[in-house]
Structures are given as structure tokens and as C-alpha cells.
Amino acid sequence: MCGIFAVSGKGNHAGNIILEGLKKLEYRGYDSWGIALRKAGKDAILIEKEVGKISKVNKELSPSVEGIGHSRWATHGGVTRENAHPHQVGKVTIVHNGIFENFSKHKKQFEAKGTSFCSQTDSEVIAAILNSFFEAGFSPEKCITKTAKKIDGRFAFLAMFEGISGIFAARRGSPLIIGRGKTETFIASDIPAFLEKTNIVNYLDDNEMVLVNGTTVNFKNLQTGLPVEKRDIKVPWKVESAEKGKFPHFMIKEIFEQKETIARAINHDENALNQAISLLKDCNGVFFVACGTAHKVAMTAEYFFAEISGRKINVVPASEMPYFERFINKKTAIIAISQSGETADVLEVLERGKKAGAKILSLTNVESSSIARLSDVHIPILAGPEKAVASTKAATSQMALLFLLAYTEVGKTNIAREILRSTSSSINDFLNERYEAIIQDVAKTIVKKENLFIIGRGDLYPMALEAAIKIQEVSYIHAQGFSAGELKHGPIALIEKDTPCLVLGDDLETLSNAVELKSRGAKIIGISPQRADVFDEWLKIPDCDGAKAIVTIIPVQILAYHLALLRNIDPDMPRNLAKSVTVK
Ligand code: F6R
């Protein structure tokens, strides 16, 4: 949530570099943007900020050697220019990603002493605290150390101090990565911001700070101020993987990438898989924790494990986990599933679980993420950068990997690999422009509807819930998923003439539930390998046996995408959302 980006270098183009870098981080928040710049040899820091998306901005910024920028997802305070970052108090200018939980106590103390604030944000209070220490004569490093002690909550901030060159950054809980260019250094919430310029990075860990001045980079411990050594890491991502290429949107590009990503997700050697599974041995409780789409993936995996390895797994949305904390102890394994690896609700469960002695396994798409780094064992899902807000390829990769793990638990990894390889090649065959056009036509028939229902049973039940998330978030149509058998216990009252209902699967029970819907006037859109009489429209998918959940969701992703386009919504950046939810 919120993208932050800084550059410090030799040239005079910091402004334009930040502008372009922020555009690549826009998926993290797109309510407003802002940039603070310092000219060579000048103390004064110039700020430009506006409400709206940074992708729409096309301007030459004044020549400058270094600066900091921000693309905002509003938490404290509405979407206004005043609340847009950067925030400047006295001689300190900052951008911030995170939540300063106890900010109002500090704000009141400042106000009592006559300080007035321009915004309603928690971030401006961080600037005020830094400035108070700076004015009292402390060095920037000391100001940061002292300020960090006052902040409860997660943060990553970048700061500039008047009269002192260089950018200062600190982190606790929210991501920050340093990009090591030849003539300049970058600091960003995510690698795509600077990937065009360098793929050599250092990861800032929790409770660390960094001072960047041109290509001089010094890491320090945030509590002690002592130097910290860092390894340079080469990131294997290609620039194109974080760009749209020939596709009009990231969402459709990422949907089509599923032609390759499933095969990649299962490309782990036996050792890595066995290591993951060994964590589950001797555990008398296994919990999957995740949020949103990743939670629906976890629910699907609950079916995989039940059926394949006979293990009962508890699946809990991360934000509900505090109510089950008494079951977490040294004999528990927590399996975290997260695309970004930064989701605050999941991170909190892991931090608390770790304290209670639980073992932690995670599946994320970002190997350097906070969740990955906190885990005893981490398996990357290898989907490549996912930038559209709606998770697509990451979800199917997670499912493939969990399917593989369920088989690994019973020593049958090879059987799973075979099923998934054949699933991957079927996806490769059916996912093409012709198929997309068929789905686009179906989208046209339901685009004006305000309600849509989805049913499925077994591992397609969580996919019905996931289908609803996809459609809601990018098309704003009220979509709801149900287990096929539950529908007649209440929700069927919502069905009217022509209410569109997606029916996932063609097993007899589900089809008989579809008939019940049709008898009440519903328009039935079937997604299955076989056509059934009850379907008014049919989206054919290949028969992938045990891995059917993976293929069933793909036409729904395409449907959601086309519903968004037909309703004039930007599917990559739907309202109110952000890609990485780093606030609780
Ligand atoms: C929906 C979506 C969200 C995420 C959720 C968890 O398409 O993307 O529901 O799945 O915010 O995010 P991660 O997977 O990054 O933990």
C-alpha cells in the first residue's frame, strides 16, 4: 500500500526518474502522488503534489540531483492535495508507507506547543517528530533512531533534511529495497520501480536504516545506529516481465501468462518440497493463513490435502486468526499464502505464531518479502511480477504448488507433476484470443446486470468465492459465490428472471442445483469440460481431473476483465484498492 521511491545520483534528472519510477509503483496506491526534489548545491527542497493517478502526469520536473516520491493509497485523511505526500515540517521532508498507530497522541502534544499541521495524516506527524529532533541539534541518523522509538506500527519512510545532502530511509514492517545503479542509487517499495536501471539490490530488513548519497550507501541498525553489512543480490527478473508489452492492461497480460506460470510453479526440486512437508510432520495442528484471493486458494488446498494426503488443515483468514491463537504452540505449523509477501494481517499472525514457537512455511511470489524472510521454510511460486490489483496468475500458481505439496506428503510428487504438466499444456491450448472473444460476448450479455451469483462444490466451492472477488473488484457488479448445495438454504430467494448465475462444474449434483436456479428464471452460464442442457451459455474448459480448480477460474478472470472494460473501469486500478495491503 502506497509506493515510495527515491533516487540520489550524479545527474540532474532525479525528478523525471522518480516520476517514471512512481508510475511503475502505481499499483500500490493511486489516490494522489507527490515528489520532493533537491537541486544541486541548493538547500531548498521543492515539492510537487496532486490528487489523481501519476500515470496521467506528463511534465518536465525541474533539474535536481536527488529526491523522494510517493503514490498514495489513503489511510488517514481523505484524498486531498493536503494529505498527499511528501509532508514537510520545518527542515524535514518525508514520504511514508505504513500506519503510525499512536500518531494522534504525538500530534496533540505538538499542537499543545503551537505546531499546526497541514494534513490529517499520521505521516506529517513523523515529519514533525524528526524535525523537532533535528532542530534540537541531533544528526539525521540520531533523529531517525529517536523517532522510530516513538512509532507504534509498521512503517517505511524516506526523509530529506535541509542543508544535508542524501536520502535517509528506515523500515519496520513495510518493504524497502535499495537498487545499486552505476551513477545513482534508488530506494523503493518494490523492484519494478528501478528495474530498468539496475537489477543489483540490497534488501533493507526490519529495524534498519540506510543513508544514500549518490552511490555511497551506508546501512545501520535502527536501534543501535551500528553499521550493518549487506550483500549485493542480482534479481533474476527481466524488465519486460514488469511491463505490459503488447497487452492493453496488466490484468489480461497476467491472465495469459498462465500459459507458462503453472509449469514454472512446480519447478522445485524434491528437496525443497520435502523440506516444506517435513515441517508438517509431528504437528498436531496445521493452519493455512491468508487474505482475499490467497485465502480462497488456501480453502481449495484444504480440499487437496483432505483428498490426496488425508490431512485436515484449518483454513483461517489472517485477520480472524487472533480468535484461534490458543491453538498455536510448538506443535503447530502455520502455512502462509501470499502473493506480495507483505500483507499486514498475515505478517502479524506469523510474528505472533513465531513467538509461540510455531513452525512457519510460506508460499509467496516475492522471495525477498517480509513473509518469506520470517518463515522457517519458504517456497517461491515463481509467477513473476504481478502488477494488476486483481490476483490471477499468482493464485493459480499457488494452487498448483499446494496441489504438488499434497502429493509430496504421500510420496507421489511425480504423479502431481504429471497432472500439472498436462494441465499447463491444456491451458496453453485453450487460452487464446478466440477464447477471449467468446468470453467477451458472454460479458456483453450480463454487463448491465447488478447482481450475479456463482456456485460450485468441492474444490470448486472456494473457486466460486474467488470468482465473486474477481468480478466484484474489477467490474463493481455485486457478485456472490455459494457452495452449490447451500444455495437453496436461503440465497435462492435472490434469484429473479434473467439473474446471471455462473455454474462451476458439470457433476450431477451441481447440475441439479443449476436446474433449481433455472426453474426460478436464472440465466445459467456453465464453466465445465462438458456441455449440459441446463446451460444457456457454456464456457468450455479442458478436463484436468484433480487440478480442475486451476483451470476453472481462468475463464472467470477473463470475464471479470471484459466486464470491467465494458463498464469503463480500469481493471488494473479499480477504485478503493491497492495491490499490497500493508495495513491491518
Ligand atoms: C484480489 C486480491 C486480494 C489479495 C489479498 C492478499 O484479487 O488480489 O484479495 O489476494 O489482498 O494479498 P497477498 O496475496 O499479497 O497476501
Side-chain angles (χ1 to χ4, degrees), residues 1-3 27-29 73 97 154 173-175 189-190 249-252 254-255 258 265 288-301 315-321 334-350 360 362-375 378-381 383-399 401-402 462-463 465-476 479 481 553-554 556-561 563-564 569-584:
M1 258 145 209
C2 300
Y27 63 92
R28 300 181 66 91
W73 187 83
N97 168 27
R154 300 179 184 280
S174 302
S189 332
D190 205 351
H249 296 98
F250 280 109
M251 184 174 175
I252 193 72
E254 288 159 8
I255 291 172
Q258 292 170 113
F288 276 143
V289 293
C291 300
T293 289
H295 171 251
K296 306 307 167 285
V297 166
M299 286 177 71
T300 315
V315 183
V316 185
S319 56
E320 292 297 315
M321 200 57 202
I334 304 179
I335 306 182
I337 302 165
S338 169
Q339 188 285 129
S340 62
E342 300 294 345
T343 302
D345 285 321
V346 180
L347 260 173
E348 181 155 312
V349 172
L350 301 191
I360 302 192
S362 66
L363 273 62
T364 80
N365 198 23
V366 184
E367 287 189 54
S368 56
S369 62
S370 306
I371 290 176
R373 289 146 94 71
L374 208 100
S375 308
H378 171 254
I379 319 191
I381 61 164
E386 189 182 71
K387 295 187 82 177
V389 160
S391 188
T392 54
K393 62 175 179 171
T396 49
S397 290
Q398 287 159 347
M399 276 192 270
L401 191 46
L402 286 158
M463 286 303 96
L465 303 182
E466 166 56 7
I469 296 188
K470 284 291 91 65
I471 293 168
Q472 290 158 2
E473 69 182 329
V474 301
S475 76
Y476 312 158
I553 199 62
I554 294 176
V556 185
Q557 296 168 346
I558 302 174
L559 182 69
Y561 172 75
L563 285 171
I569 295 165
D570 177 351
D572 286 348
M573 284 183 261
R575 69 186 177 203
N576 305 342
L577 288 161
K579 183 69 183 159
S580 173
V581 186
T582 53
V583 295
K584 284 204 295 161

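The chain is numbered in sequence order, starting from 1. Both ligands and their constituent atoms are indexed starting at 1 by order of listing. Values in this document were obtained by computation on a predicted structure and should not be read as measured data.
Residue E473 touches ligand 1 through its side chain alone, judged by heavy-atom distances below 4.0 Å. Under 4.0 Å from ligand 1, the heavy atoms of V389 that appear belong solely to its backbone. If you look at E342 next to ligand 1, there are no close heavy atoms at all, none under 4.0 Å.
Ligand 1 places these atoms under 4.0 Å from at least one heavy atom of K470: 1 (C), 7 (O). The atoms of ligand 1 that sit less than 4.0 Å from any heavy atom of A294 are 10 (O), 14 (O). Of all atoms in ligand 1, listed by their number and element, those nearer than 4.0 Å to a heavy atom of Q339 are 13 (P), 14 (O), 15 (O), 16 (O). Those atoms of ligand 1 that come under 4.0 Å of a heavy atom in G292, given as number and element, are 9 (O).
A donor and an acceptor atom, one from each side chain of S375 and S362, are located under 3.5 Å apart. Residues Q258 and T392 bring no donor and acceptor atom of their side chains to less than 3.5 Å of each other. Checking E342 against S369 by side-chain atom types alone, no donor-acceptor pair falls below 3.5 Å.
Panel note: side chain K393, backbone P385; a donor-acceptor pair is recorded below 3.5 Å. With Y476 contributing its side chain and I569 its backbone, the two residues share no donor-acceptor pair below 3.5 Å. Panel note: side chain D572, backbone A388; no donor-acceptor pair is recorded below 3.5 Å. Not one N or O on the side chain of Q339 forms a donor-acceptor pair closer than 3.5 Å with the backbone of A394.
If you check which protein heavy atom lies closest to atom 12 (O) of ligand 1, you get T343 OG1, 3.5 Å. Among all non-hydrogen protein atoms, the one lying nearest atom 15 (O) of ligand 1 is S340 OG, 2.6 Å. In terms of protein heavy atoms, atom 11 (O) of ligand 1 is closest to V581 CG2, 3.9 Å. Of the protein's non-hydrogen atoms, the one nearest atom 9 (O) of ligand 1 is T293 N, 3.1 Å. Of all protein heavy atoms, the one closest to atom 5 (C) of ligand 1 is C291 O, 3.5 Å.
Across all their heavy atoms, M299 and L465 have their closest contact at CE-CD1, 3.7 Å.
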